[in-house]
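Below is one structure, written out as structure tokens; comments come after it.
Because only heavy atoms are used, hydrogens play no part in the values below, and waters and symmetry mates are left out as well, while side chains stay in.
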Amino acid sequence: MGRKELPFKFWKNGKYYYFKTPEMKCFKSTGETNKAMAMRYAEKVIAEGRAGKDNPLFRDYAEPYFDWERCPHATRLRAEGKHISERYCKNNRRLLEKYVFDSSLGRKHLSDIKRGDLISFREHLIKVGVSRNVINSTMRTISVIFGEAVYREDILYNPADKIGRLVTDNKEAGIFTVEELEKLFFSPELSLIWETPSDYICFLIAAFTGMRKSEVLALRWKNVFFNRCYIHVVDAWKDDNQKELGLPKSYKPRDVLMTDFLFERLSEYKLITAFRNDDDLVVCNFDGTPYTLWQWQKIFNRAISAIGITKEEKERRHLKPHSFRHSINTILITYGVNPDILRNMLGWADEHIQGNYTHFSITGVAKAIGNALESKDVKVDNIFSYGMAMNHQE
């Protein structure tokens, strides 16, 4: 008996097998390196009548993606009760519109795109001067689209799999010394550093709790528990316009203990602010509206300039508002706070992430703390006043 003739042509190019039926204009990848698996895939496609159907351009297939109302990926995740934010979609949509839709990659057919095509696309972005961070974000966006296409069985495999991230020259935020924290928050001339009490309270909270910008600016009085000396971190702004509230970055609420000093300053501030009702923002403008991201950065720049940190030094040390979060992690770890408790308080998912916020070798913080605590006149020990209490929490 002779060999059964296949209803399609079979071809191996590189590692992958391709097939083509008489009604198909070109070969279609099976995405398989094993011949038997490739044949089963081809037979399935033919049996389902999909072999001769259109193979859309990638830009056409990707067109609805990350449009909040039309995105297949976002719609599915919301239906399954999984988290996806509108801001996340907007950011990804912007990347598609700017770099993908009108590119050579966008003009390729969906199922014809191979890993090499994506690498070539990435190399083109590098060549035209797109930053590596933006390229990594764009490639991640593309990978999500291919992943969803695989999930929906529109294609067999994700060509973006196994493509690593480009090495970037990201510079971690530096940290403040104990002496600089003293100048910022214990100086007798605070009015020369902070224009308003709200400005001072804003960054005092950031420095003494490690709360993120989006969490500090969304904090309401109902989540400040003076009777038990802690802040319940449950809200964070999810958009640049401060209109969309959601859970913190870790997607779960957490409690942050207040130091005695922070407790006293917040108590005093609540007596003088015009916005002290439960639903009022702790940090707000004179009309009760939230601070903008521009205000946040402007206040920070003015304050560190007032204590003698020049623009050049700020850039050299990579100081930014997020430095307060790095600082408290390093200082409290150095002071002996239980890492597991600190990780929970600051809202980190795992030890690896926390490690990115610990700067032992760079700063000599341990020596600075030792010197500070030896002096009876130094008030900065209030920053660490809850360290021992935290280590004894059950």
Side-chain angles (χ1 to χ4, degrees), residues 25-26 28-29 31 41 44-45 48-115 117-122 124-125 128 130-131 133-163 165 214 218 235-252 293:
K25 294 181 179 180
C26 57
K28 176 181 175 66
S29 172
Y41 172 78
K44 178 183 177 183
V45 170
E48 293 175 351
R50 293 190 285 123
K53 287 193 174 181
D54 290 340
N55 180 11
L57 298 179
F58 181 63
R59 66 185 179 192
D60 294 334
Y61 185 84
E63 194 281 326
Y65 273 81
F66 300 109
D67 180 295
W68 184 247
E69 299 298 332
R70 299 183 299 131
C71 177
H73 179 65
T75 301
R76 178 176 66 82
L77 292 187
R78 292 199 300 270
E80 294 173 356
K82 297 175 182 176
H83 178 81
I84 184 168
S85 73
E86 191 167 358
R87 182 179 185 181
Y88 167 81
C89 285
K90 286 179 180 178
N91 289 339
N92 283 281
R93 181 72 185 184
R94 193 177 301 119
L95 294 172
L96 287 178
E97 292 174 346
K98 187 169 184 178
Y99 299 109
V100 179
F101 288 154
D102 293 330
S103 69
S104 58
L105 179 68
R107 293 189 294 273
K108 288 184 178 295
H109 290 276
L110 176 68
S111 61
D112 297 336
I113 295 174
K114 306 298 180 290
R115 189 173 296 130
D117 296 318
L118 296 179
I119 293 173
S120 296
F121 169 72
R122 187 175 71 178
H124 169 72
L125 294 181
V128 298
V130 180
S131 79
N133 284 329
V134 172
I135 293 174
N136 284 336
S137 297
T138 303
M139 298 300 292
R140 185 170 58 247
T141 299
I142 292 170
S143 182
V144 170
I145 296 173
F146 278 117
E148 187 68 26
V150 171
Y151 182 84
R152 294 171 180 271
E153 299 184 333
D154 293 330
I155 55 176
L156 192 63
Y157 80 111
N158 183 346
D161 279 349
K162 299 182 181 179
I163 296 181
R165 290 172 56 84
S214 59
D235 291 323
W237 293 115
K238 295 299 183 180
D239 66 322
D240 294 340
N241 298 319
Q242 319 296 61
K243 292 183 179 180
E244 181 191 352
L245 275 178
L247 288 171
K249 190 176 181 180
S250 60
Y251 301 126
K252 59 182 179 181
L293 302 185

Spatial distance of atom [atom1] ([X]) from atom [atom2] ([Y]) [nearest 0.5 Å]:
X      : Y      : atom1 : atom2 : result
His73  : Thr141 : NE2   : OG1   : 10.0 Å
Leu125 : Lys98  : CG    : NZ    : 11.0 Å
Ile113 : Ile142 : CD1   : CD1   : 8.5 Å
Ile84  : Leu77  : CD1   : CG    : 5.0 Å
Asn91  : Glu86  : CG    : CD    : 11.0 Å
Tyr99  : His124 : OH    : NE2   : 10.5 Å

Expected list for residues 101-108: side-chain donor-acceptor pairs under 3.5 angstrom, two or more places apart:
from: Ser103; atom 1: OG; to: Val100; atom 2: O; distance (Å): 2.6
from: Ser103; atom 1: OG; to: Leu105; atom 2: N; distance (Å): 3.3
from: Ser103; atom 1: OG; to: Gly106; atom 2: N; distance (Å): 3.2
from: Arg107; atom 1: NH1; to: Asp102; atom 2: O; distance (Å): 3.0
from: Arg107; atom 1: NH1; to: Ser103; atom 2: O; distance (Å): 3.4

Test of understanding: with side-chain hydrogen bond (donor to acceptor under 3.5 Å, both in side chains), list the residues that count as partners of [X], not counting sequence neighbours.
X      : result
Tyr61  : Asp154
Glu80  : Arg76, Lys82
Ser214 : none
Arg78  : none

Counting only N and O atoms by type, is there a donor-acceptor contact under 3.5 Å from the side chain of [X] to the main-chain atoms of [Y]?
X      : Y      : value
Asn92  : Cys89  : no
Ser143 : Met139 : no
Arg152 : Pro72  : yes

Partner residues of [X] under the side chain to side chain contact (heavy atoms under 4.5 Å, CB included) criterion, sequence neighbours left out:
X      : result
Leu245 : Ala218, Arg220, Asp235, Trp237
Leu57  : Arg59, Asp60, His109
Lys162 : Arg115
Val150 : Ile155, Asn158

Salt bridge (Lys or Arg N to Asp or Glu O under 4.0 Å) against Arg70, all qualifying residues, sequence neighbours excluded:
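For Arg70, the residues satisfying salt bridge (Lys or Arg N to Asp or Glu O under 4.0 Å) (neighbours in sequence not counted) are Glu63, Asp67.
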Quick one: list whatever passes ring pair (Phe, Tyr, Trp, His ring centres under 6.0 Å) with Phe58, sequence neighbours left out.
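Residues passing ring pair (Phe, Tyr, Trp, His ring centres under 6.0 Å) with Phe58: Phe146.
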Would you check if Glu148 and Tyr65 make a side-chain contact, meaning some heavy-atom pair closer than 4.5 Å?
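Answer yes - side chains close enough.
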Quick one, Pro159 and Asp117 - any side-chain contact, counting heavy atoms below 4.5 Å?
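A side-chain contact is absent here, since even the closest heavy-atom pair is not under 4.5 Å.
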Derivation of the side-chain contact (heavy atoms from CB on, under 4.5 Å) call for Asn136 and Thr138
CA-CA 5 Å; Asn136 284 336; Thr138 303; over 6 Å; no
Looking only at non-hydrogen atoms, find the nearest pair between Ala62 and Leu96 and report the distance.
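So the two residues come closest at O-CD1, 4.3 Å.
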side-chain contact (heavy atoms from CB on, under 4.5 Å) evaluation trace for Ile163 with Arg122:
CA-CA 10 Å; Ile163 296 181; Arg122 187 175 71 178; 3.5 Å; yes
